[in-house]
There are 2 protein chains.
Amino acid sequence: LDYQHVQVPFEITLWIMLASLAKIGFHLYNKLPSVVPESCLLIFVGLIMGGIIYGLNDRSPPVMDTDIFFLYLLPPIVLDAGYFMPSRPFFENIGTILLYAVVGTIWNVFGIGFSLYGICQVKAFRLQDVSLLHNLLFGSLIAAVDPVAVLAVFEEIHVNEKLHILVFGESLLNDAVTVVLYKLFRSFCEMPTIKSVDVFAGVGKFFVVGLGGVLVGLTFGLTAAFTTRFTKDIRVIEPLFVFLYSYLSYLTAEMFHLSGIVAIIACAMGMKRYVEANISLKSHTTVKYFMKMWSSVSDTLIFIFLGVSTIGENHEWNWPYICFTVIFCLIWRALGVLVLTFFVNRFHVNTITGKDQFIIAYGGLRGAICFSLVFLLPDFHRKKLFIAATTVVILFTVFIQGMTIRPLVDLLAVKRKRESAPTVGEQIHIRFLDHLLAGIEDISGHWGQYYWKDKLEYFNSKYLQKILLREYDQPKSSIVLLYEKLERKHAIELAEAGQLGHAPSHPSLLNNARTVIMDQKLEDTLNPDVLENIQEILARNLYRIRRTGPAYNRHTLPGDTEPAEHAKEILILRRRSL
Amino acid sequence: LDYQHVQVPFEITLWIMLASLAKIGFHLYNKLPSVVPESCLLIFVGLIMGGIIYGLNDRSPPVMDTDIFFLYLLPPIVLDAGYFMPSRPFFENIGTILLYAVVGTIWNVFGIGFSLYGICQVKAFRLQDVSLLHNLLFGSLIAAVDPVAVLAVFEEIHVNEKLHILVFGESLLNDAVTVVLYKLFRSFCEMPTIKSVDVFAGVGKFFVVGLGGVLVGLTFGLTAAFTTRFTKDIRVIEPLFVFLYSYLSYLTAEMFHLSGIVAIIACAMGMKRYVEANISLKSHTTVKYFMKMWSSVSDTLIFIFLGVSTIGENHEWNWPYICFTVIFCLIWRALGVLVLTFFVNRFHVNTITGKDQFIIAYGGLRGAICFSLVFLLPDFHRKKLFIAATTVVILFTVFIQGMTIRPLVDLLAVKRKRESAPTVGEQIHIRFLDHLLAGIEDISGHWGQYYWKDKLEYFNSKYLQKILLREYDQPKSSIVLLYEKLERKHAIELAEAGQLGHAPSHPSLLNNARTVIMDQKLEDTLNPDVLENIQEILARNLYRIRRTGPAYNRHTLPGDTEPAEHAKEILILRRRSL
């Protein structure tokens, strides 16, 4: 027996196997996951395993390694989150999300830090040796909402898209703030005196860490898109590039002390559109499937390890401090959401309701990131107290809040996610309104979100697509491609039946594709795919008409495009539709 | 900058990235891969990189780590090979393959070992200090044909299936022999005296290592199949189990000093059939795609590392020894193939032609396994000579033989793989002959391959399927399922067109599914899928008739099944077809 030789891969495989089998186990009893979130069940499994290890070895079970967590377990989850991020609601609410993520997190850090310092002054609690700086450091790691925990719970309760993106987006983007504040306070702890210059440097770092992360991510994302232009002959390694480049963006950002989470999200969101167009359908299925699989395994392992690491003798149970930590986390978050939402609602037509505010405040779950950060703290005599407080906060938020949030959502009748996809009419309407608003913003000189979206779209189609996509010349309309495919299929069928002579001259239909859709004969092919095609072509044409209209176009001088041409195009379109 | 922190994953990712980009690079120039095999190009890239590292650092570049090779790079390739192994030609030729793999490899080991010992006796070469045992040890590692190298070359030249499976099967199964002989001679080298008991123990080990590997593999394979019975609710982690269980089988076999390669192949071949039936179609696409991707990356990395490791100062260039090694490798392999094929041809109707024999002998490529084994040798003063000889043999076989084998195949007009799939007629014919031969073998009491195949099939459908498949009750005939699907689709189409009233009463056709196929109206649906269904139902019915006939059935006594029942079934079948 030569266990030494295979130990590392063998144990890793066994842990993953355990995680997967635990997942299967929960789903065998359908009732269990509908009441208790999977994250709670997994922590519970971890607690049991930790207890067994502790009982057998009579010493603390191994703690989740911080490096393993940040280098191997976290990236798949964040990549999955970034790749499947619904971009429309995200960018529509980006202002609010950033406000919560940046201002909200800072508010929480200082609120929790200062009030815990106040608690430390009470002589009865015997905590006078915990300095303000240590309390602020603790605040910086306990304040941040955890994306893994939020995702695990919010994926199951199906609240409406806006609410979901507000909580989830905040949990992702607060990483930059957490990184900066945590490192700032940690270095302050080791400094003899703190100058005001250091504080200003810290504020400057926010922008470097956040924007640097975005820059690194976009660079790798666009390189990934560019690489997939050349994979036509070796389809089989296409999915690899998606994973390699996003992982590289994460590692590079971490290497330069930027926000890895922000980088990988920027990379995933930046590459998605182009990669999807370049790679084959099967590659894309593999990418999607593997991303989901990987993040699901990582997620499972994190919660199990969280449970395992909880058992042991790493804790100092000073209950006043721990209880006040939980209470302050709840209070400051609730206050922060209330105050920030008040300002948000003043500047938006589509306000955030009271119910939504409650769920946002209540959904501020803490998770494995806090846990890893608290173990990363430099050794000092109260580290075990911080570990104990962090553990209790995580267990409280995941178990108590995680298990009660679903009944609360039901009770408050919070608006749910609509189950059905929007109809063609709705989609066209939304798209039309987008163009209308972009035009209005352009004319009125207001640089709002529609204006920037329109500019970005223009830049994309004018430059990026030509560089990053394999076929950058005007692609054939998808409905024409579909029609050709149907034509071919029909011809083959006729040939097989030996009836080719009697076939009506279908190719003639190709010229008036528009009438074909209205045609009674083909109406029975109006399945969802076709509808999607119709809506796409309509949207595209609406766009082109708007684009050629010079009235409010800032790229060309009035008179650049002749009005006659415009009229001509409309005439052509009309004649075709007759 | 904090490079230390991310070094390990960063460098691994960069190496994989380099490998993938190199692959893309080759395929940008379509002419290159059609002349030079990819393996040669990759070794060449490796040589250049090794040269650069050597030039910059002025010391030998890092050698491929044996542990990394055997634990991480080899398993994906072997898993891929096992999973996509064409099982029919493999089992049809299993006797010949085993003969080549076991007897042929032993023949080569001793042939090369003894003749190199002869060379060492020539005083002019100054090699008298290399003992017979060392020569045999060297022979045991240089004799084995390498599956990675064979796969890389043979996948590109498209020889006929039988020839391919003979060379490839040998390269996979000789692992058990190589493991045993290599470890035997290595332990002999360290023993003061060798008793005859040790030799016999070595012979016994063959069976333990080989059959033990098969047993471990099948155990894990069937467990994997059993596990996928319960993944219906969490489709997303289904692909994981295929990888986890096969990897565990490899690691477990290695742990017990059994043949990991044999284990993982047995695991993959054992699980494939059941896993495919249990998991969803998308999961299956992911499994296939990811296996191909992973093995392709491993393969690329191996050849690049092979190139990198070649550069440096690990070599002792004693040219007589090296040249004679190459010559003996060629001669003994050629002789071995000739002699063994002589015996094989005496017992088979379908003989191996002279051309085939030449390609089998010429296709005996050596690769990364020899290379890793030679570095695993215990340190002794002539190790560098063995490393040099192994490097030259690998480069010679991969470059010279690998590049000339395609022109030779063209020149000799070796029978190629047929491009088209076999027709329905052929397939039914083959299946029919199988049953006929199984019956004949059963009657005549000859325990041939058809007899065992039939028994295995019986065992499979009677016991294994019921345990391992999710829906183990008699599945509906696939043609009925297809027909129902078409019916549903047609009804929906009619409903959409508002013509439901005029629809002919299609459901009545359901009762005489057999006539439907012959029906002119539906003949235009005879696309390949339908043909496959027809052939399946025909094959299944042929089987059932044969199964119910008691004349030569060894499971029931004559008279157990009444002949009247048999006649009745035929009558029912006839009436239905009218």
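All chains are named by letter (A, B, ...) in the order of the sequence lines, taking the proteins before the strands, and each is independently numbered beginning at 1. Just so we're clear, the structure is a prediction, and the values are computed from it rather than from any experiment.
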Please examine the side chains of B/Tyr250 and A/Pro9, heavy atoms only from C-beta on, and report whether any two atoms are closer than 4.5 Å. no
OG1 (A/Thr13) and CZ (B/Phe243) are apart, to the nearest 0.5 Å, by 13.0 Å
Select one option (side chain, backbone, both, neither) describing which atoms of B/Leu71 are under 4.5 Å from chain A's heavy atoms. side chain
Part of A/His5 within contact of chain B (heavy atom distance under 4.5 Å): both
Would you compute the distance between atom NZ of B/Lys292 and atom CD1 of A/Ile237 and round it to the nearest 0.5 angstrom? 14.0 Å
Select one option (side chain, backbone, both, neither) describing which atoms of A/Ser20 are under 4.5 Å from chain B's heavy atoms. both
Heavy atoms only, distances under 4.5 angstrom: which of A/Val236, A/Thr231, A/Leu28 has the most pairs with chain B? Name it, please. A/Val236
If one checks every heavy atom of B/Ile234 against chain A at 4.5 Å, the contacting part turns out to be side chain
Between A/Phe290 and B/Trp294, what is the ring plane arrangement, given parallel below 30°, perpendicular above 60°, and tilted in between? perpendicular
Pick one of side chain, backbone, both or neither for A/Ile24, based on which atoms fall under 4.5 Å of a heavy atom in chain B. both
Side chain proximity check, A/Thr286 to B/Lys288, heavy atoms < 4.5 angstrom: no
When rounded to the nearest 0.5 angstrom, what is the spacing between OG1 in A/Thr285 and NZ in B/Lys282? 6.0 Å
Identify which part of B/His27 has an atom lying under 4.5 Å from any heavy atom of chain A, answering side chain, backbone, both or neither. both
Part of A/Thr66 lying under 4.5 Å from any heavy atom of chain B: neither
Which pairs pass salt bridge (charged side-chain N to carboxylate O under 4.0 Å, His left out) with one or both residues in residues 243-252 of chain B, sequence neighbours excluded? none
Most contacts with chain A, counted as non-hydrogen pairs under 4.5 angstrom, among B/Gln4, B/Arg235, B/Glu254: B/Arg235
With a 6.0 Å cut-off (strictly less than), is the heavy-atom count around NZ of B/Lys183, excluding the residue itself, greater than 12? yes
Considering non-hydrogen atoms only, spot the tightest contact between B/Leu248 and A/Phe10 and give its length. CD2-CE1, 3.7 Å
Which portion of B/Thr300 sits near chain A, non-hydrogen atoms under 4.5 angstrom: neither
One option among B/Leu251, B/Val8, B/Val6, B/Val297 has the most heavy-atom pairs under 4.5 Å with chain A, and it is B/Leu251
Just wondering, more than 12 heavy atoms not from B/Lys232 lying within 6.0 Å of its NZ? no
A/Leu21 CG to B/Phe241 CZ distance, which is reported to the nearest 0.5 Å: 5.0 Å
To the nearest 0.5 Å, what is the distance between CD on B/Gln7 and CE on A/Met255? 10.5 Å
Between A/Thr252, A/Leu14, A/Ile16, A/Val287, who has the most heavy-atom pairs with chain B when the cutoff is under 4.5 Å? A/Ile16
Quick check on B/Phe70 against chain A: is it the side chain, the backbone, both or neither that has a heavy atom closer than 4.5 Å? neither
Rounded distance (nearest 0.5 Å) linking atom OH of A/Tyr247 with atom CE of B/Met17: 12.5 Å
